[in-house]
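Here is the structure we will look at, set down as C-alpha cells.
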Amino acid sequence: MLGLAVELRRRGHDVTFATSDHFEKTIQECGLPFESLGTKEDFAAAIANPDLWHPRRAFRHIFNSFWPALRQQYQIHADRASRETIGITNCFGFGALTAQDKLGIRVITVHLQPAVIWSDHEPPKFAGLVGPRWLKSWVYRLGERLAIDPIVCPLLNNWRAELNLPPVKKITRWWNSPYGVLCLFPDWFAPPQPDWPTPLMQADFPLWNHRSGEPLAGDVEAFLQAGTPPIVFTPGSTNVHGEAFFAAAVEACRLLNRRGILLTQFADQIPRNLPGTVAHFRYVPLDNLLPRTAAFVHHGGVGSTSQAMLAGIPQIVMPLAHDQFDNAARIIRLGIGGSLPPRKFTGGRLAEKLDQLLSSPTIASNCRDIAQRLAARNGLSLADDAIEDRIDRQSN
C-alpha cells in the first residue's frame, strides 16, 4: 500500500497515509503526510500476541487490535469529505467503508492477496478447508456465519446504529467496496472468477521495497561477495516468535554446507554464536538482495512470495495463518517452490526440501520463466492507471 501511495503522490495527487505510529518514520521518509491510527505501543502489543500467527485465532486478534482505530479511520475520511476525496483501504478498512456509507466518500478496496476474495468456482486455500468445492463453500459459509460475523458485527453494527446506518453481515463480502476493488496481483497468479466482486480492477504485484533505490549496506555487500550465493530466511517482518524458525534455518545451512542470511528486526530470535557462514541483518530490501541469492525461505506473505518470483529463485513457505496457505498452494502449482508446515519445519526436513528444489532443472526453469513475466516491474503503474481510470469514469 505504501508503494501505491508514493506512486500516486509522484503523479501529482494529494495523498495522506494513515497507519500505526510504528510506521511514521518510514512514511515521512517517503515524503507523505501522515495520520496516526494507533500508537507504537498498540502495535507492539498486537505483534507480541502469538494469536497473530494462529490459523484460527488470527482473525479475531487482528480485528480486536484494529477496532479502536476504526473510528479514527472514519474521522480521517470525514475530515476530508468532498467530491474529490477517494479512500484507498485494505480489507480491514471498516472505518473507510462506513464513511462511504454515511458520507458518500468513494472508497476503493485494495487486495494484495487473492485469499481474501472468496470464490465458489475456485476457492482459496485455508487451513482445514479441504474436500470438493461444494464442501469448501459450505464450510466457508458456516465459518462466516458462526465465526467471522460474530466477531465483527456486534461492535461494527452498534457503531453503525449510532450513525443511523443499517447493519451489515457477511463481512468478507461487505469489505469489497461497491465503488471498486483493485487486485495487486496478476491474473496468471490468480485468475479472476465469475463470482468475484465488481467493478474489479486487476493490476500486478507492486514489487516495492523501502530504500530499494539505495546501495546495499556495506556489511551486507561484504557478506554477499565473500562466498557462494546464500539462502535467505525470514519468518515475517512482524513475527516476534521466530526462534524455532531460525534454529532450523541455521541447522539446514549446516547440513547442506550452504551460506545463509537471517532477516529480522528482532535480534533476540537469532541463535547465539552463529557460524561465519551465516549472517543476521535487521533489514535488506528484498529486490536488491534476492537476485544474488540461491533460495528464499519465508512465511508466505504475498510480498515475500512475489519478491522471490521477481528474483527467479526457488522458495519454501512455512505457512502459519492468514493468506499464507493460499500463497503456498499457488507457488507449488506454478512449480517454483514448496511448503513445510510448522510442525515439520526442522533443520533436517528443511535441508531435504531445499536440496530437492535447488537440484531441480524444472524448478530452475519455471523460476526463470516467472521472473521474465515480472521483469517490467510495472505493478504500481498499472494499479495507479486503474485508480485514475476508475475516477475518470465516475467523474464523466
Side-chain angles (χ1 to χ4, degrees), residues 216 219-237 239 241-264 266-267 269-284 286-301 304-320 324 327-329 331-332 334-371:
L216 289 175
D219 53 350
V220 179
E221 184 64 47
F223 183 80
L224 289 171
Q225 292 189 19
T228 56
I231 300 168
V232 179
F233 304 85
T234 183
S237 60
N239 192 336
H241 307 285
E243 295 91 342
F245 176 92
F246 286 121
V250 173
E251 176 64 7
C253 288
R254 184 190 69 79
L255 291 171
L256 292 171
N257 194 27
R258 291 267 189 172
R259 301 188 334 131
I261 288 178
L262 315 180
L263 293 180
T264 180
F266 310 104
Q269 300 178 33
I270 302 300
R272 295 183 179 181
N273 303 317
L274 287 179
T277 54
V278 179
H280 163 237
F281 303 110
R282 290 178 62 85
Y283 173 77
V284 186
L286 291 179
D287 54 348
N288 289 350
L289 174 65
L290 293 184
R292 301 174 63 180
T293 66
F296 189 27
V297 181
H298 59 97
H299 60 306
S304 298
T305 300
S306 60
Q307 290 291 344
M309 291 182 187
L310 174 67
I313 58 174
Q315 53 188 302
I316 292 177
V317 169
M318 185 190 73
L320 295 166
Q324 296 162 14
N327 295 330
I331 68 166
I332 292 170
L334 289 167
I336 56 174
S339 177
L340 276 175
R343 67 182 184 279
K344 295 184 178 180
F345 198 86
T346 63
R349 288 193 173 102
L350 180 56
E352 182 181 0
K353 180 73 73 171
L354 279 166
D355 188 52
Q356 292 170 358
L357 294 177
L358 290 168
S359 62
S360 169
T362 301
I363 294 289
S365 177
N366 292 341
C367 288
R368 287 192 297 269
D369 290 345
I370 293 296

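These numbers were taken from a predicted model, which means no experiment stands behind them.
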When rounded to the nearest 0.5 Å, the distance separating CG of L290 from CD of Q307 is 6.5 Å

Decide yes or no on side chain to side chain contact (heavy atoms under 4.5 Å, CB included) for V278 and R259, but give the supporting numbers first.
-> CA-CA 6 Å; V278 179; R259 301 188 334 131; over 6 Å; no

Contact summary for A295 and I313, nearest pair of heavy atoms | C-CD1, 3.8 Å

Not counting sequence neighbours, which residues clear side-chain hydrogen bond (donor to acceptor under 3.5 Å, both in side chains) with N366? List them please.
-> none

Minimum-distance pair of heavy atoms, taken over all atoms of F233 and C253 = CE1-SG, 3.5 Å

Nearest non-hydrogen partners of I331 and A328, listed with the distance = CG1-O, 3.1 Å

Non-neighbouring partners of F296 that pass ring-ring contact (aromatic ring centres under 6.0 Å, His included), sequence neighbours left out = H298

Hey, could you give me the CD/SG distance between Q315 and C367, rounded to the nearest 0.5 Å?
-> 7.5 Å

Any L274 side-chain heavy atom under 4.5 Å of V250 side chain = yes

With a 4.5 Å heavy-atom cut-off, do L286 and L310 have their side chains touching?
-> no

Considering residues at least two apart in sequence or located in another chain, which fulfil the side-chain contact (heavy atoms from CB on, under 4.5 Å) criterion with N239?
-> W53, P235, H241, L320

Measure the CG-OG1 distance between L256 and T277 for me, rounded to the nearest 0.5 Å.
-> 11.5 Å

Of all heavy-atom pairs between L262 and P271, which one has the smallest distance, and what is that distance?
-> CD1-CD, 4.4 Å

d(N288 CG, L216 CG) to nearest 0.5 Å is 5.0 Å

Does R254 have any side-chain hydrogen bond (donor to acceptor under 3.5 Å, both in side chains) partners at least two apart in sequence or in another chain, and if so, which?
-> E251

Set of ring-ring contact (aromatic ring centres under 6.0 Å, His included) partners for F246, sequence neighbours left out | none

Output for pair (I261 CD1, L263 CG), nearest 0.5 Å, gives 6.5 Å

Any side-chain heavy atom of F281 sitting closer than 4.5 Å to one from T264?
-> no

Side-chain donor-acceptor contacts of residues 344-364 below 3.5 Å, not counting sequence neighbours, with atom names and distances?
{"residue": "T346", "atom": "OG1", "partner": "R349", "partner atom": "N", "Å": "3.3"}
{"residue": "S359", "atom": "OG", "partner": "D355", "partner atom": "O", "Å": "2.7"}
{"residue": "S359", "atom": "OG", "partner": "Q356", "partner atom": "O", "Å": "3.3"}
{"residue": "S360", "atom": "OG", "partner": "T362", "partner atom": "N", "Å": "3.4"}
{"residue": "S360", "atom": "OG", "partner": "I363", "partner atom": "N", "Å": "3.1"}

Contact list for residues 361-371, test salt bridge (Lys or Arg N to Asp or Glu O under 4.0 Å), sequence neighbours left out = none

Over all heavy atoms of both residues, which pair between G338 and I332 is shortest? Give the atoms and the distance, please.
-> CA-CG1, 4.0 Å

Test side-chain contact (heavy atoms from CB on, under 4.5 Å) applied to P229 - qualifying residues, sequence neighbours left out = A294

In Å and rounded to the nearest 0.5 Å, what is the NE2 to OG distance from H299 to S237?
-> 6.5 Å

List for me each residue that meets side-chain contact (heavy atoms from CB on, under 4.5 Å) alongside R282, sequence neighbours excluded, and say none if there are none.
-> Q265, H280

Pairs where residues 220-233 contributes a residue and the test side chain to side chain donor-acceptor pair (under 3.5 Å) is met, not counting sequence neighbours = E221-Q225, E221-R292

What heavy-atom pair brings A371 and G312 nearest, and what distance separates the two atoms?
-> CB-CA, 3.7 Å

Do P319 and P341 touch side chain to side chain, with heavy atoms closer than 4.5 Å?
-> no

